[in-house]
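In this chain, numbering begins with 1 at the start of the sequence shown.
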Amino acid sequence: MNLSLYTHLFSANGRYYLFNSLTLLFAEISEELYCRLGDGSYADYSEEILNELREQQIIMEKERLYDYYYGRLTQSLRKHFNPNVLSLILVPTTGCNLACPYCFEPKKNPRTMTDETIGDLLDSIKNNVNLKEIRLSWYGGEPLMAFPQIKKIWDGLNQDGMPKIISHSIVTNGVLLDEEKIRFFKEAKLDSMQITLDGAKERHDSLRCFKNGGAGTYNCILANIDKVVEIYPELPLNIRVNIDHENWKDYVTVKKMLAERYPNSKVGAYEGYLRIDNADKTQLCHPSISKKEHLDMIRKFRASGIKESLFPSMTERGCMMQSDNAIIVGPEGEIYKCWNDVSDPDRVTGHIKNPKIGNPSLQLRYMHGCTPFNAECRECGVFPICDGGCCLQRYRNMYEGGNYDVCSPYKDKEKLKEALLNGDFNLDSSKREETAQ
């Protein structure tokens, strides 16, 4: 028998503790058990005690040490290479109605899907004889600028002979939401909407401005959220609040405001840590909040009256970069494998009219070269509560000279210890994953 890879032992103030990152078991234990587990001298325990330690996966047979890791690998392969299900992110336009100073789109030529491209898209789906189900998302640009195209695509996807749509979501800036669009999405059974705020009103309005130089968009977005809550109250509406070191208090302000404005609703805020790259895209730069600083940031939220848990939670997130059955389709039918790649011609991996991979080196590296299934992650004691981090950053580290920290902050034993002892593990510690930057 061996101590599990995921069993962590530590002491504090004369007391002894055990944490298992696979079962999320956290317990105070006796000094005797602490010492015996630490030096492996537990073989003479009674069979009853040994069975309990096995059941809690604190100890296990040597040949089982990597069962969870290989199980996750198998699960990932089964999910990401299932020809019957397609995760389809559609970018009907790269145009936008705002002029955010940090956005890449103004440097590009905004494009919108033509009827011909929509026809090609629908044909490619209908002709895929293996495809049974679609997970559909709308992305941009600002997708609602192409609302007629969205309706046309939706109608096409709901024709006889098309795969079943099993989930339906949108990422929008929220400015163009009106009664017509909300009622359309209610009829289309939209099951998730993400709207991004760049902080509290002052900061948001300084960044998310109309192209005509008009007033900021904060009040407009809140008014449109009001409409969503009134017309489609059962829709989960996720408000992503972009934060960095300079505006983290905005998250506290917005979260409290939303809780007061929309009590007993499905409107909720979550922190979107801005990932601001340096010019070479080799590491994050100021004022980004690094992964190592996430737990420190949660402590600040807690001190400000926000109920955020430090206690770890299991995550089996995965990434579409690793998936053979997940694509982003741009407005000209071009295909990407990462949300961050949209509008970058060097990152196009194919086209809906041509099933042949157009950039095989990039796609194969994405899918197989930067997954969390590697020697380092296999040996990691917090793999179940990390799942490998951002695959794009891992790709940059491996192939483009990057130096990103992709690991969970819980990998630091002292941070894990402090989080466990102050973690409010009775709270729901589940967190939403970033879907867009």
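- Ion pairing of Asp198 with Arg203 is absent here, as no side-chain N (NZ or NE/NH1/NH2) approaches a carboxylate O to less than 4.0 Å.
- Between the side chain of Thr371 and the backbone N or O of His368, no donor-acceptor pair lies under 3.5 Å.
- Using cut-offs of 30° and 60° for the angle between ring planes, the Phe26 and Phe19 rings count as perpendicular.
- A salt bridge links Lys181 with Asp178: at least one charged nitrogen is closer than 4.0 Å to a carboxylate oxygen.
- For Lys300 (side chain) and Leu295 (main-chain N/O), no donor-acceptor pair under 3.5 Å exists by modelled atom type.
- Heavy-atom neighbours of Glu63 CD from other residues, nucleotides or ligands within 6.0 Å: above the threshold of 12.
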Pair His245-Glu293, side-chain hydrogen bond (donor to acceptor under 3.5 Å, both in side chains): steps then yes or no:
CA-CA 10 Å; His245 275 296; Glu293 297 171 309; 3.1 Å; yes

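- By the 30° and 60° cut-offs, the orientation of the rings of His168 relative to Trp154 is parallel.
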Can you check salt bridge (Lys or Arg N to Asp or Glu O under 4.0 Å) on Glu187 and Arg183, steps first, answer last?
CA-CA 6 Å; Glu187 181 69 21; Arg183 293 197 181 279; over 6 Å; no

Would Glu332 and Arg111 count as a salt bridge (Lys or Arg N to Asp or Glu O under 4.0 Å) here? Give the steps.
CA-CA 8 Å; Glu332 294 180 339; Arg111 300 159 293 144; 3.4 Å; yes

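- The existence of a salt bridge linking Asp296 and Lys415 is confirmed by a sub-4.0 Å separation between a basic side-chain nitrogen and an acidic carboxylate oxygen.
- A salt bridge links Lys411 with Glu376; the closest basic N to acidic carboxylate O contact falls under 4.0 Å.
- Using bins of under 30°, 30° to 60° and over 60° for the plane-to-plane angle, the ring pair Tyr66/Tyr70 lands in the perpendicular bin.
- Tyr251 has its ring centre no less than 6.0 Å from the ring centre of Tyr270.
- Here Lys164 does not pair with Glu133 in a salt bridge; the nearest charged N to carboxylate O distance is not below 4.0 Å.
- Shown here for Thr117 and Pro331, the closest heavy-atom pair between the two residues is CG2-O, 3.7 Å.
- Using cut-offs of 30° and 60° for the angle between ring planes, the Phe383 and Tyr69 rings count as tilted.
- More than 12 heavy-atom neighbours from other residues, nucleotides or ligands sit within 6.0 angstrom of CD on Glu379.
- Heavy atoms from other residues, nucleotides or ligands lying under 6.0 Å from CZ of Arg299 number more than 12.
- Asn354 contributes a side-chain N or O that, together with a main-chain N or O of Lys356, makes up a donor-acceptor pair within less than 3.5 Å.
- The pair Asp123-Lys126 does not count as a salt bridge, with every side-chain nitrogen at least 4.0 angstrom from each carboxylate oxygen.
- The two residues Asn158 and Ile165 come nearest to each other via the heavy atoms ND2-CD1, 4.2 Å.
- A salt bridge is absent between Lys353 and Glu334; no separation between the charged side-chain nitrogens and carboxylate oxygens falls under 4.0 Å.
- Salt bridge status for Lys227 with Glu230: absent, with no side-chain N to carboxylate O gap under 4.0 Å.
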